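To start, the structure under review is shown below, and the notes come after it.
Below, read A as the first sequence line, B as the second, and so on, with proteins coming before strands; counting in each chain starts at 1. All figures in this text were calculated on a predicted structure; none of them were measured in a lab.
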2 protein chains.
Amino acid sequence: MRDASGHDPLTQERLRLWLKLMKSSSLIEDELRRRLRRECGSTLPRFDVMAALAQAPGGMRMGEISKRLRVSNGNITGIVDKLETEGLAARVPVPGDRRANLVTLTDEGRTAFSDHASAHEAWISEILGQLNADDIDGMIRRLDPLISMLETQNKTAD
Amino acid sequence: MRDASGHDPLTQERLRLWLKLMKSSSLIEDELRRRLRRECGSTLPRFDVMAALAQAPGGMRMGEISKRLRVSNGNITGIVDKLETEGLAARVPVPGDRRANLVTLTDEGRTAFSDHASAHEAWISEILGQLNADDIDGMIRRLDPLISMLETQNKTAD
DNA sequence: CATGAACATTTCAAGCTTGAAATAAAAAAT
DNA sequence: ATTTTTTATTTCAAGCTTGAAATGTTCATG
């Protein structure tokens with residue numbers, strides 16, 4: 001409330017922005033989920049975990065994965081359990097720390113992820129195909145400061 | 001693949017855009033979830049359903065709600081079940097169509113939603129508070145065409 | 001009317017997600 | 001050496017979400 005009438009005139013605009021951000025994001029996300037399911041027999045959470053692992057040649061600890069993906073520890077436990085059962089990932093003990101595990105992709109996991117990642121990349125290109133370089137750049141330029149603003153808030157809230 | 005080297009030079013940029021869109025959206029969404037839970041003892045899905053109902057004085061059918069929120073029918077069944085159990089919403093039969101129900105907010109539901117909605121609005125204002133009119137407008141102008149592009153794709157895919 | 005197609009909703013199993021409590025191990029402090 | 005505290009992970013219950021199958025109802029057409 002910043003004026004005499006009791007309304008911040010930007011409040012409604014912020015709300016509108018949030019709704020549109022959410023809508024565009026979930027339209028894309030839902031489409032990716034559907035395709036990942038139908039065409040790869042996989043899911044977005046599994047893909048995200050595998051993507052994180054693929055970028056960490058030496059493997060990642062459970063806690064590193066959950067921090068990177070900003071999800072709970074218990075969540076990662078379940079997803080890695082599944083990947084392990086399917087032979088796509090493996091937990092290897094950390095010498096000198098019996099609490100921790102390093103999670104790595106198996107060869108089979110690396111192969112599968114490589115497939116899924118190409119498909120994923122192609123889908124994004126298809127879904128966002130009508131955006132030209134200027135559109136993309138314009139949005140990224142707006143999103144970057146928004147993200148660092150949000151991350152700063154999160155850090156402060158701890 | 002649109003050039004001799006086998007790479008569309010925009011592919012990587014589109015991927016970057018998607019990751020940033022997703023990240024900003026989920027940072028905000030997670031924060032709203034946490035607050036809705038802690039400060040209102042509620043959840044985002046419940047809030048979304050109640051928000052839809054609050055805008056429909058005559059009530060909405062199950063199918064209308066699920067179409068509006070772009071989630072499955074079965075999902076709405078479960079959420080409305082809960083709202084009904086808690087006395088916040090009610091299913092009323094549609095005269096002349098025994099298959100359908102009109103879902104409405106009870107008085108108690110309207111009161112609760114009104115509370116939650118004010119809190120929600122204030123949180124958005126707080127979370128996005130550092131964005132000025134120009135930032136907001138600039139983003140909305142980019143998001144609007146993106147959304148209609150995505151919606152057109154969805155329609156075509158049916 | 002009869003009956004097959006279309007429609008509104010529910011049920012269900014499987015998977016994701018969270019926050020909190022439990023385990024277990026390592027590190028720090030006394 | 002023995003607490004105490006911190007750290008790494010798992011377990012668990014509760015809730016969300018989906019897609020597919022099931023139910024029951026209405027509509028259209030012969």
Side-chain angles (χ1 to χ4, degrees), chain A residues 26-27 29-50 59-86 88-103 157-158, chain B residues 26-27 29-50 59-86 88-103 157-158:
Chain A
S26 61
L27 280 168
E29 186 174 333
D30 291 348
E31 182 63 23
L32 289 177
R33 269 183 213 285
R34 268 192 295 273
R35 296 194 188 200
L36 215 35
R37 167 191 236 287
R38 280 215 251 282
E39 298 179 32
C40 302
S42 188
T43 65
L44 208 40
R46 272 207 260 277
F47 180 82
D48 289 339
V49 168
M50 293 178 84
M60 286 175 89
R61 289 172 174 222
M62 300 297 289
E64 287 177 323
I65 303 175
S66 62
K67 195 162 291 181
R68 163 81 85 89
L69 304 183
R70 298 196 318 279
V71 301
S72 66
N73 285 346
N75 189 355
I76 296 300
T77 296
I79 294 169
V80 170
D81 281 351
K82 287 261 170 59
L83 291 176
E84 208 170 13
T85 306
E86 295 170 17
L88 301 174
R91 282 174 169 94
V92 311
V94 176
D97 189 342
R98 281 180 299 173
R99 294 170 304 179
N101 284 309
L102 274 180
V103 186
D158 283 351
Chain B
S26 59
L27 280 169
E29 187 173 332
D30 290 348
E31 182 63 20
L32 289 176
R33 269 183 213 286
R34 269 192 295 272
R35 296 193 188 201
L36 215 36
R37 166 190 237 287
R38 280 214 252 280
E39 299 180 29
C40 301
S42 188
T43 65
L44 209 40
R46 273 209 259 277
F47 179 82
D48 289 341
V49 168
M50 293 179 83
M60 287 176 88
R61 289 171 174 224
M62 300 296 291
E64 287 177 321
I65 304 175
S66 63
K67 195 163 291 180
R68 163 82 84 88
L69 303 184
R70 300 196 316 280
V71 300
S72 66
N73 285 347
N75 188 355
I76 296 299
T77 296
I79 293 170
V80 170
D81 281 351
K82 287 261 170 59
L83 290 176
E84 208 170 13
T85 306
E86 296 170 14
L88 301 174
R91 283 173 169 95
V92 310
V94 176
D97 189 344
R98 280 180 300 175
R99 293 171 304 181
N101 285 309
L102 274 179
V103 186
D158 283 351

Value in whole Å for how far the C1' atom of C/dC16 lies from CD of B/Glu29: 13 Å

Side-chain N or O of B/Lys82 closer than 4.0 Å to phosphate OP1/OP2 of D/dA14: no

Proximity to the side chain of B/Ile79 - top-ranked nucleotide from C/dT17, D/dT17, C/dA25: D/dT17

Protein-nucleotide distance (A/Leu44, atom CG; D/dC16, atom C1'), rounded to Å: 16 Å

Short side-chain N/O contact from B/Asn75 to OP1 or OP2 of D/dT18, under 4.0 Å: yes

Most 5' of A/Gly74 and A/Arg37 on DNA chain D, judged by nearest nucleotide: A/Gly74

Candidate nucleotides D/dT11, C/dG15, D/dT17, ranked by approach to the side chain of A/Thr77 - the nearest: D/dT11

Selected nucleotide, minimal atom distance to A/Ala100 side chain, candidates D/dA8, C/dC16, C/dA25: D/dA8

Whole angstrom value for the distance that separates P of C/dT17 from CG of A/Asp81: 14 Å

Closest to the A/Arg99 side chain, choosing from D/dT6, D/dT25, C/dG19: D/dT6

Close side-chain approach of A/Leu27 to A/Glu31, heavy-atom, < 4.5 Å: no

Closest nucleotide among D/dG15, C/dT18, D/dT26 to the B/Thr43 side chain: D/dG15

Which nucleotide in D/dT17, D/dG15, C/dT17 has an atom nearest any side-chain atom of B/Pro45: D/dT17

Test side chain to side chain contact (heavy atoms under 4.5 Å, CB included) applied to B/Asp97 and B/Arg61, step by step: CA-CA 11 Å; B/Asp97 189 344; B/Arg61 289 171 174 224; 4.0 Å; yes

For atom CZ of B/Arg98 and atom P of D/dT23, their distance in whole Å: 18 Å

A/Met62, nearest nucleotide to its side chain (from C/dA25, D/dT10, C/dT10): D/dT10

Nucleotide D/dA14, atom C1' - distance to CD of B/Glu86 in whole Å: 13 Å

OP1 or OP2 of C/dT18 under 4.0 Å from side-chain N/O of B/Arg33: no

Rounded distance (Å) that lies between atom P of C/dT9 and atom CD of B/Glu84: 13 Å

Whichever of A/Leu102 and B/Asn73 has its nearest DNA chain D nucleotide further upstream toward 5': A/Leu102

Protein-nucleotide distance (A/Leu32, atom CG; D/dT18, atom P), rounded to Å: 15 Å

Nearest-angstrom distance from the residue atom CZ of B/Arg61 to C1' of D/dT26: 11 Å

Comparing A/Gly78 and B/Asn101 on DNA chain C - which has the more 5′ nearest nucleotide: B/Asn101

Carboxylate-amine/guanidinium contact B/Glu64 B/Lys67, below 4.0 Å: no

Side chain to side chain donor-acceptor pair (under 3.5 Å) partner of A/Ser66, the single match among A/Thr77, A/Asn75, A/Asn73: A/Asn73

Heavy-atom closest contact (B/Pro45 atom, B/Arg33 atom, distance): CD-NH1, 4.0 Å

Below 4.0 Å: OP1/OP2 of C/dA14 and any side-chain N or O of A/Arg46: no

Any A/Arg34 side-chain nitrogen or oxygen under 4.0 Å from OP1 or OP2 of D/dT17: no

Which atom of B/Val94 lies closest to which atom of B/Asn101, heavy atoms considered: CG2-C, 3.9 Å

Sugar-phosphate only, base, or nothing, as touched by B/Arg38 at under 4.0 Å among non-hydrogen atoms: nothing

